[in-house]
Amino acid sequence: MIILEDVSKSYSTGSPALNNISLHVEKGEFVFIVGDSGSGKSTLIKLLLRELTPTSGKIIVNHTDVGKLRHSKIPKYRRGLGVVFQDFRLLKDRNVYENVAFAQRILAVPVRQIRKNVPSVLSLVGLAEKYKSRPRELSGGEQQRVALARAIINKPPILLADEPTGNLDPKNSWEIMKLLEQINKNGTTVLVVTHNREIVNAMQKRVITMKKGIIVSDQKKGGYIDED
Amino acid sequence: MIILEDVSKSYSTGSPALNNISLHVEKGEFVFIVGDSGSGKSTLIKLLLRELTPTSGKIIVNHTDVGKLRHSKIPKYRRGLGVVFQDFRLLKDRNVYENVAFAQRILAVPVRQIRKNVPSVLSLVGLAEKYKSRPRELSGGEQQRVALARAIINKPPILLADEPTGNLDPKNSWEIMKLLEQINKNGTTVLVVTHNREIVNAMQKRVITMKKGIIVSDQKKGGYIDED
Amino acid sequence: MRISTFFYTLGQGIKNIWRNKIFSLATVATISACVFLFGMFYAIVLNFSNIVRQAQSGVAVTVFFDEGISDDKIQEIGTEISKRAEVSKIVFVSAEEAWESFKQENLGDYVDSFGDDNPLAEDSNYEIYMNDISMQENLVTYLEGIDGVRIVRKSAIVANMLTSVNSLIGIVSLGIILILLAVSIFLISNTVALGITVRREEIGIMKLIGATDFVVRAPFVIEGMLLGLIGASLPLVAIYVIYQRTVIYLADRFKVLDSLLQFLSIHQIFSTLVPVALILGVGIGFLGSFTTARKHLRV
Amino acid sequence: MRISTFFYTLGQGIKNIWRNKIFSLATVATISACVFLFGMFYAIVLNFSNIVRQAQSGVAVTVFFDEGISDDKIQEIGTEISKRAEVSKIVFVSAEEAWESFKQENLGDYVDSFGDDNPLAEDSNYEIYMNDISMQENLVTYLEGIDGVRIVRKSAIVANMLTSVNSLIGIVSLGIILILLAVSIFLISNTVALGITVRREEIGIMKLIGATDFVVRAPFVIEGMLLGLIGASLPLVAIYVIYQRTVIYLADRFKVLDSLLQFLSIHQIFSTLVPVALILGVGIGFLGSFTTARKHLRV
Ligand SMILES: Nc1ncnc2c1ncn2[C@@H]1O[C@H](COP(=O)(O)OP(=O)(O)OP(=O)(O)O)[C@@H](O)[C@H]1O
Ligand SMILES: Nc1ncnc2c1ncn2[C@@H]1O[C@H](COP(=O)(O)OP(=O)(O)OP(=O)(O)O)[C@@H](O)[C@H]1O
Ligand SMILES: [Mg+2]
Ligand SMILES: [Mg+2]
């Protein structure tokens, strides 16, 4: 499903954020990506979303060579991904309902369908009552859950979640993780970037550990690796 | 040092975010504030910073009645607080150095002093090399640490940290917490909002637990209270 | 496109205006100001060149006849002359009339010295008015060739000057209008672009979620065109009202200049101004939002 | 204020311009466009009313003397008249000159019928030119009262019309200038405000960290004034160059209108335009940034 071959990414400043990464993720896998702050996890997600293009190497997602995608083909490609951004990236001017509904509108889902889907996915993340609020009127954790709702509403074949529980209390975090596991069980390939040692250790999934732009460990049913 | 008496805060929409909160924090205390997503923790921090004014009740910080502060007195009051915002609030147009230095400039610290202080506080949070980067060129955790550096550089008598480790890996989180503890030992009153159960349980500090806008528990040497 | 998508897009365009109030106001204000200025100067310039053009029609070429010519022949010549395209009016002045007006215009109270003589006997003539003073030379050549015409009196200097003033005004007017147009286009596209640039983050988010360029851009383009429409309409209404009042005021205040101040009707002005204003507003609203949105779509 | 704080603030003001490139460009462009339009029209309007004012000085009042008056007396009258404030020039026309020019102007080739007689003998006169045509009536009354003056010929209609045209131009010019000024102020303060509004978040952050209003606002105000200065200077330079070229071009192209086209020098125009432009740019840059920043300081 997701294949990275010798992928490197250098920003204009500083040392490369990703350094010759190779990685295979099968369809239907659930993968945690962990690592120090600044180790390149978000950069990896951005490459998969084609927000960035790799400096070198090849990225193939779902038989698509992401690096070579023509501009006009990018939207269609992205619609196959659901993404929770580390900084949420909600549309400031629109309320919760519209933020989530937007993901469906671009798929031209009939309005009647949208009116059903949005409330149901909002109650999945525990925000049924807040559908009218603007992002700025939400707490940090609430915004994060809106971002998640938007990512999963289209039931995309691939879900990329960058730190989806960073602003959530343990109970909420667990619920979200269970939700992601459920979505994974229904066939979605899930990549979760997280710092939550407790959850990683408990869930016994594949864990990829990054450090300074390289993959230092890839465990099948792994846990959070502490350095010291 | 910090006294809240029957403080309530209602936003224009929804039920009150804080409901008749009373709280005393002594000078030199270290307090964790925990609670569900949306329970009013950030609202409490914003009231203390006078970003918001309470709907009712009285807030006294350092003998100052915060609710009655005149507009012209607010800047001086805020300079006595160091704040890490949940959403960082870095100045987008300025690099890391300038963001941190700004806190000193408004105190009219001599430039020579600033040139010494900023690098030393940046290396405290592990960002010595990134001083030239703009916020958008930083990873989530790096931005969070810049926000912390800005909050502590003036050695304020009170430090308010809203989720200061939400985007940090466990190792970094521990280092930051140790740093906060160190700052607290030097006499600063520290309030930390966090979801990190591991840390709260390990550090054995005062823990205030909030739920739906009220304080449901206040333990002297407490831990993270799980609901179920 | 689904019908619901169409209405959604339209709705978003309208909502964008509201969501981005400050910029919408600024954009409408800028467009209004530009269209207003343009319209105002267009009206002034048009009236001005109209007045100058009218001034030419006051200049006449005078034709005197051979001595002893018959009235019939004079009549015939007159008919022929009035057929010419550049001739707007032809007036017969009898010898007596000529002397009377000559006395009045030139001799003041000193007229008595001539007694009852008419020094201008045999000086009956045609005064020929033209609608294009620059054709005077042509006309004179033609008139001089007519059988029975003794002499043609023209005022070459006045004609030359008027022709020059005319083309001077033409050049200056064109310059003003072009500069105003350029400045307007520049300022309007500027604000439209700014209004969209502040939302480049939003555009980026939409694109990252998988929206096509079209879906992202359409509401912005609709927004731009609506703002353009509003921004162009307001000053047109203002000009409509102000113009008519001003014309009435000026005509009243400057009765002396009655013959000179022949104002154009608002309809003559609007026939060009309305389309230009709408193109300025809606067209630049469209182009500006289209191109600016595209610039930020490369995500 | 510390000297270092001062330089820091100044530096921030300059850096702000760079950090916010798009808005800085837009602001400078808007100010430039407004000042340019204003300057252009000011130059046109000023020249225009100058031309009209000069036209009045071409209109003369003619004074004829009692029959048999002595040359000394004529001389004396002339001296007295030329003392009047409203008189700009006084020219003596002998009877022969009068007849010559009369013949040329009015009789064309038909002049022979008068033989060598001068019907205008005894018609030597003074042509009196004025610097303010609206004083004509006063002057005439005075002239008619002088001993030895037989008759005063004036052209009341022309004088009236010129006076009217004069004040018409005055009103229209003033209207144009005021409208342009208002539109400029409006547009400039608009963009300055927008440029700061997009940074209201930044202002909020600074305030939350504990910055005083002054510290937050000062760089914005400096930024606004600098942008205003740049925005006002560019079009002044442009006008300086364009104006002189245009004047040369027009004077050359319309040699026929030599007597009419008396252009003002660029210095006469700049003496008012430069201060107005700077006030427009720097003044509104200052006020606009000051008030807008203040609006967002209530955090
Ligand atoms: N736009 C950019 N320009 C320059 N450097 C960048 C940019 N974005 C990220 N970096 C750098 O690349 C490195 C990797 O960043 P990335 O965001 O991938 O880290 P991360 O693993 O997601 O960290 P975190 O857990 O803190 O979010 C960091 O050192 C960061 O400073
Ligand atoms: N500006 C606002 N307008 C309306 N409601 C708001 C606003 N800010 C916060 N709220 C609401 O007030 C409640 C408390 O918000 P607050 O940010 O204090 O929560 P929190 O405890 O910080 O949560 P989190 O852990 O998710 O950050 C939430 O339900 C939120 O939706
Ligand atoms: Mg990251
Ligand atoms: Mg919060």
Side-chain angles (χ1 to χ4, degrees), chain A residues 11-15 17 34-43 85-88 95 125-127 129-130 132-145 162-163 165-176 193-198 200-201 209-211 224-228, chain B residues 11-15 17 34-43 85-88 95 125-127 129-130 132-145 162-163 165-176 193-198 200-201 209-211 224-228:
Chain A
Y11 294 105
S12 51
T13 58
S15 46
V34 303
D36 292 351
S37 172
S39 57
K41 306 180 296 295
S42 299
T43 302
F85 299 93
Q86 192 171 9
D87 51 358
F88 316 149
N95 63 26
V125 299
L127 284 178
E129 284 164 20
K130 294 274 176 189
K132 264 187 167 175
S133 302
R134 297 282 162 105
R136 95 185 70 227
E137 298 166 356
L138 296 176
S139 81
E142 285 163 350
Q143 291 180 40
Q144 196 153 42
R145 284 178 281 158
D162 197 351
E163 205 89 68
T165 61
N167 287 276
L168 292 177
D169 55 287
K171 185 166 147 269
N172 252 312
S173 300
W174 261 114
E175 280 167 12
I176 295 300
V193 173
T194 187
H195 291 308
N196 196 319
R197 176 154 46 183
E198 218 176 303
V200 173
N201 285 338
T209 308
M210 296 185 62
K211 195 173 172 183
Y224 205 106
I225 297 179
D226 280 307
E227 297 203 348
D228 12 48
Chain B
Y11 294 104
S12 50
T13 57
S15 45
V34 302
D36 290 351
S37 173
S39 58
K41 306 179 296 296
S42 298
T43 303
F85 299 93
Q86 191 172 8
D87 51 358
F88 316 150
N95 63 25
V125 298
L127 283 179
E129 286 164 17
K130 294 275 176 187
K132 265 187 167 175
S133 302
R134 298 282 162 104
R136 95 185 72 225
E137 298 164 355
L138 296 176
S139 81
E142 286 163 351
Q143 291 179 40
Q144 196 155 41
R145 285 177 280 159
D162 195 351
E163 205 89 66
T165 61
N167 286 277
L168 292 177
D169 54 288
K171 186 167 147 269
N172 251 312
S173 300
W174 262 114
E175 281 169 11
I176 295 300
V193 172
T194 188
H195 290 308
N196 197 319
R197 174 155 45 183
E198 218 177 303
V200 172
N201 285 338
T209 307
M210 296 186 62
K211 195 173 171 182
Y224 205 105
I225 297 180
D226 281 306
E227 295 204 350
D228 14 45

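Proteins get letters first, then strands, A, B, ... in listed order; numbering begins at 1 in each.
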Heavy-atom pairs under 4.5 Å with chain A, option from B:L168, B:T194, B:V34, B:T43 with the top count: B:L168
Heavy-atom pair of closest approach, residues A:K41 and A:D36: NZ-O, 2.8 Å
Under 4.5 Å from a heavy atom of chain A, the part of B:S37 involved: both
Beyond-backbone contact of B:Y224 with B:T209, side-chain heavy atoms, under 4.5 angstrom: no
Best-contacting candidate, A:S133, A:S42, A:A17, A:G38, against chain B by heavy atom pairs under 4.5 angstrom: A:G38
Closest-packed option against chain A by number of heavy-atom pairs under 4.5 Å, given B:R145, B:E142, B:R197: B:R197
Options B:D162, B:N196, B:D169, B:N172, ranked by heavy-atom pairs under 4.5 Å with chain A, top entry: B:D169
Largest heavy-atom contact set with chain B, pairs under 4.5 Å, which of A:G141, A:P170, A:G166, A:G35: A:P170
A:E163 backbone acceptor or donor facing A:Q144 side chain under 3.5 Å: yes
Flag side-chain contact, heavy atom, 4.5 Å: A:T13 against B:K132: no
Backbone N/O of B:R134 and side chain of B:E137: donor-acceptor pair under 3.5 Å: yes
